[in-house]
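Structure, as structure tokens:
Just follow the structure's listing: the first ligand is 1, and inside any ligand the first atom is 1. Computed over heavy atoms, backbone and side chain alike; hydrogens, waters and symmetry mates excluded.
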Amino acid sequence: MDGGYVLYGAPGSGSVAVEAALTLIGAPWRLEDAKSWKDVTDSDEMARVNPMRQVPALILPSGDLMTESAAILTWLADSHPGAGLAPAIDSSLRPRFLRWMSFISAQIYSLYWVRDVPSRLASGAQSEAVIKDRTAQRIADCYRTMDAQVAPAGRFLLGDEVSVLDLYLTVVSRWGPRRKGFYAAAPGLAEVVRAVDAEPRLAALWAERFPFSEGWEG
Ligand SMILES: N[C@@H](CCC(=O)N[C@@H](CS)C(=O)NCC(=O)O)C(=O)O
């Protein structure tokens, strides 16, 4: 340990939201990178770090392990209040912040465990295609709900300063059915994620870890 954070991650995965938070915080951290989230599933090293064989996994300077992206992001924001990445515990925005952090994690992100590898819950091409289709519909429903319930309080979801909630939504909304699906389901939130895409302090991170390559919006 060099006194900083050690983040286990993979390009384009949920770890990129944590990487974005660490970049904005400016605390020392280093990345233990997998080639892709698919490699994580079969990695014995990953299993030793996180028995769930998933990224992100964050080793704190204390040596403690944190998994679960929403918890990691919330903890990082709370531990570095100077970065202004989450409303304070006594802020009137805190309930909204916690609600949607958990919503993204529990209602949306968790669906990718089956969506990414449908054979985990079904066998046969036809059943797997049904899973792909129905999880896409469910994800769109979740975004529609969020769109109907959240009016951005400024440039970003909670005001004019970017928060870890914005970072989280920005990364997760790039997964299948990808950004075009997200914009269609949640038009009122489109400008928020576009503002995070365009955040100058994150330009190098996006380019390296989740590039806006040709056709990236889907
Ligand atoms: N509940 C976890 C889910 C993490 C997760 O599903 N990560 C994906 C990458 S985006 C992964 O590691 N997948 C490999 C697998 O589940 O086998 C969190 O919120 O951090």
(request) Verify, without hydrogens or angle tests, whether Ser15 (side chain) and Ala10 (backbone) share a donor-acceptor contact under 3.5 angstrom. (result) yes
(message) Check this for me: Arg144, atom CZ, are more than 12 non-hydrogen atoms of other residues, nucleotides or ligands nearer than 6.0 Å?
(response) yes
(request) Decide yes or no on side-chain contact (heavy atoms from CB on, under 4.5 Å) for Arg53 and Asp44, but give the supporting numbers first. (result) CA-CA 8 Å; Arg53 294 173 183 263; Asp44 289 339; 4.1 Å; yes
What atoms in ligand 1 come closer than 4.0 Å to a heavy atom of [X]?
X	result
Gly14	10 (S)
Trp113	16 (O)
Val55	4 (C), 5 (C), 7 (N), 8 (C), 9 (C), 12 (O)
Pro56	20 (O)
Arg120	15 (C), 16 (O), 17 (O)

(message) Ring of Phe210, cation from Arg174 - is the NZ or CZ under 6.0 Å from the centre and inside 45° of the axis?
(response) yes
(message) Taking the six-membered ring of Tyr183 as reference, does the cationic atom of Arg178 (NZ for Lys, CZ for Arg) lie under 6.0 Å from its centre and within 45° of its axis?
(response) no
For [atom], what is the nearest protein heavy atom, given as residue, atom name and distance?
atom	result
atom 20 (O) of ligand 1	Ser69 N, 2.9 Å
atom 2 (C) of ligand 1	Glu68 OE1, 3.3 Å
atom 10 (S) of ligand 1	Tyr109 OH, 3.0 Å
atom 16 (O) of ligand 1	Gln54 NE2, 3.1 Å
atom 14 (C) of ligand 1	Thr41 OG1, 3.6 Å

(request) Enter the distance from Thr135:OG1 to Asp133:CG here, rounded to the nearest 0.5 Å. (result) 7.5 Å
(message) When you compare the side chain of Asp33 with that of Pro11, does any pair of heavy atoms fall below 4.5 Å?
(response) yes
(message) Any heavy-atom pair between the side chains of Val164 and Leu76 that's under 4.5 Å?
(response) no
(message) Counting only nitrogen or oxygen atoms and a 3.5 angstrom limit, does Trp37 reach ligand 1?
(response) no
(message) When you compare ligand 1 with Ser13, is there at least one nitrogen or oxygen pair between them that comes in under 3.5 angstrom?
(response) no
